[in-house]
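These figures come from a predicted structure and were not determined experimentally. Letters A, B, ... are given to chains in the order of the sequence lines, protein chains preceding strands, and every chain is numbered from 1.
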There are 2 protein chains.
Amino acid sequence: MTRMYNPPHPGETLREDVLPALELTVSEAARQLGISRVQLSRVLHGRASITPDLALRLEAWLTPEQGGRAELWLGQQMEYDLYQAARKRRPNVLPIHGA
Amino acid sequence: MTRMYNPPHPGETLREDVLPALELTVSEAARQLGISRVQLSRVLHGRASITPDLALRLEAWLTPEQGGRAELWLGQQMEYDLYQAARKRRPNVLPIHGA
DNA sequence: GAAAGTGTAGCGTGTCGCTTTACACCTGTC
DNA sequence: GACAGGTGTAAAGCGACACGCTACACTTTC
């Protein structure tokens with residue numbers, strides 16, 4: 001239950017690590033991934049999430065060495081979403097036995 | 001990239017393993033979790049997903065031995081969603097260097 | 001028969017992913 | 001200076017879905 005670190009948005013990883021290594025423009029990457037340039041830009045800036053569909057596209061697009069594992073992208077998104085959810089509303093739920 | 005097994009919906013796990021061990025009714029569990037009975041029933045039967053909010057509620061409610069880890073619930077939901085997404089639409093994306 | 005528990009359909013609301021269009025900005029080259 | 005290409009982003013429209021509420025039918029237990 002200790003989640004002290006601030007997980008980065010996976011789009012940030014994509015923007016800072018993956019795309020520069022590929023030497024591709026955002027427009028060209030979006031074209032190859034089969035999504036719109038606008039949507040990819042939103043993901044890269046943390047304004048949209050890595051969806052299962054996008055994770056599968058990244059897996060089909062990248063080599064395993066470049067980060068082509070759908071579970072990794074989705075898992076990082078999950079960590080991010082969980083942290084953001086815990087940061088604001090903590091649900092008012094009591095432990096079950098009082099334990 | 002090999003995802004050959006059929007991951008169960010996490011609500012199924014909740015219905016078959018967790019709730020029986022607690023000897024609680026669905027209505028009472030929903031009340032303690034702070035969600036509606038209808039919504040919990042939908043989750044238990046795979047008609048609704050484990051959201052970050054619900055995962056945090058489960059974590060606050062259950063002891064760690066009972067399965068009280070938000071990441072586990074969300075991760076199982078992720079596996080399920082990923083498998084379902086891969087099962088139907090496979091995105092038409094080419095590998096990046098023809099590799 | 002009454003009460004409690006359950007599954008589920010239907011409705012309304014809010015959120016969000018996604019595309020398309022459009023705009024403003026920056027950079028290079030002619 | 002004009003023009004083209006790349007970029008970020010806002011707005012509009014659509015579809016999907018989580019969620020609560022109400023309502024109904026069914027079952028079991030008293």
Side-chain angles (χ1 to χ4, degrees), chain A residues 9-12 14-16 18-20 22-61 70 73-74 76-78 80-93, chain B residues 9-16 18-20 22-58 60-61 70 73-74 76-78 80-93:
Chain A
H9 192 285
E12 189 180 326
L14 204 52
R15 190 181 92 243
E16 295 181 350
V18 178
L19 281 198
L22 297 178
E23 293 182 342
L24 280 181
T25 65
V26 175
S27 302
E28 178 61 19
R31 198 191 60 79
Q32 293 193 19
L33 284 169
I35 65 175
S36 73
R37 179 186 67 88
V38 174
Q39 181 64 12
L40 179 57
S41 179
R42 276 198 286 242
V43 171
L44 295 181
H45 291 83
R47 291 174 167 80
S49 299
I50 304 279
T51 59
D53 179 80
L54 180 52
L56 289 174
R57 288 175 189 272
L58 289 170
E59 178 170 283
W61 189 50
W73 292 109
L74 267 191
Q76 193 175 345
Q77 182 68 52
M78 178 190 78
Y80 179 83
D81 291 340
L82 190 54
Y83 184 83
Q84 298 304 320
R87 209 167 58 86
K88 55 190 71 163
R89 306 164 201 153
R90 67 192 84 263
N92 193 12
V93 178
Chain B
H9 192 285
E12 189 180 326
T13 307
L14 204 52
R15 189 181 94 244
E16 295 181 351
V18 178
L19 281 199
L22 298 179
E23 293 182 340
L24 280 182
T25 65
V26 175
S27 303
E28 178 61 18
R31 197 191 59 79
Q32 294 193 17
L33 284 168
I35 65 175
S36 73
R37 179 187 69 88
V38 174
Q39 182 63 12
L40 179 56
S41 178
R42 278 195 285 237
V43 171
L44 294 180
H45 291 83
R47 290 174 167 80
S49 299
I50 304 278
T51 60
D53 179 80
L54 179 52
L56 289 174
R57 289 175 188 273
L58 289 170
W61 189 51
W73 292 110
L74 267 191
Q76 193 175 344
Q77 182 67 54
M78 179 189 78
Y80 180 83
D81 291 340
L82 190 54
Y83 184 84
Q84 297 304 320
R87 208 167 58 84
K88 54 191 67 163
R89 306 166 198 150
R90 68 191 80 266
N92 194 11
V93 178

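If you take CG of A/L24 and C1' of D/dG6, they are 13 Å apart, rounded to a whole angstrom. For A/R15 and D/dG8, the CZ to C1' distance is 11 Å, given to the nearest whole Å. Rounded to whole angstrom, the span from the CD1 atom of B/I50 across to the C1' atom of D/dA18 amounts to 12 Å. A/L44 has its CG atom 11 Å from the C1' atom of D/dG8, to the nearest Å.
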(message) Between B/L54 and B/W73, is the side-chain contact (heavy atoms from CB on, under 4.5 Å) condition met? List the steps.
(response) CA-CA 9 Å; B/L54 179 52; B/W73 292 110; over 6 Å; no
(request) Take A/Q76 and A/H9 through the test side-chain contact (heavy atoms from CB on, under 4.5 Å) and record every step on the way to the result. (result) CA-CA 7 Å; A/Q76 193 175 345; A/H9 192 285; over 6 Å; no
(request) Begin from the C-alpha positions of B/L19 and B/L44 and carry the test side-chain contact (heavy atoms from CB on, under 4.5 Å) through to its verdict. (result) CA-CA 10 Å; B/L19 281 199; B/L44 294 180; 3.9 Å; yes
Pairs under 3.5 angstrom, nitrogen or oxygen only, protein versus nucleotides 19-26 of chain D, please.
unit_1, atom_1, unit_2, atom_2, d
D/dC19, OP1, B/T51, OG1, 3.0
D/dC19, OP2, B/Q39, NE2, 2.4
D/dG20, OP2, B/S36, N, 3.2
D/dG20, OP2, B/S36, OG, 3.0
D/dG20, N7, B/R42, NH2, 3.2

(message) Dot-bracket for DNA chain C, please. Rules: Watson-Crick or G-U, both distances under 3.5 Å, ( ) within the strand, [ ] when a pair crosses earlier ones, | for another strand, . otherwise.
(response) ||||||||||||||||||||||||||||||
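Side-chain nitrogen and oxygen atoms of A/S27 include none within less than 4.0 Å of the OP1 or OP2 phosphate oxygen of D/dG6. Under 4.0 angstrom from either OP1 or OP2 of D/dG5 there lies no side-chain N or O belonging to A/T25.
Scanning both residues, A/E59 and A/A70, for their nearest heavy atoms gives OE1-N, 2.8 Å. The two residues A/L33 and A/R57 have their closest heavy-atom pair at O-NH1, 2.8 Å. Minimum heavy-atom separation, A/L74 to A/I50: CD2-O, 3.4 Å. Heavy-atom minimum distance, B/Q77 versus B/P10: OE1-CG, 3.2 Å. In terms of heavy-atom proximity, A/A29 sits nearest to A/W61 at CB-CH2, 3.9 Å.
Bounding nucleotides for the chain B contact on DNA chain C, 5' to 3', at a heavy-atom distance below 4.0 Å, are C/dG5 to C/dG10.
Listed by chain and residue number, nothing satisfies the side-chain hydrogen bond (donor to acceptor under 3.5 Å, both in side chains) test with B/R15 (two or more places apart in sequence, or in another chain). Checked against salt bridge (charged side-chain N to carboxylate O under 4.0 Å, His left out), B/R31 has the following partners two or more places apart in sequence or in another chain: B/E28. Here A/S41 pairs with A/H45 under the side-chain contact (heavy atoms from CB on, under 4.5 Å) rule; sequence neighbours left out.
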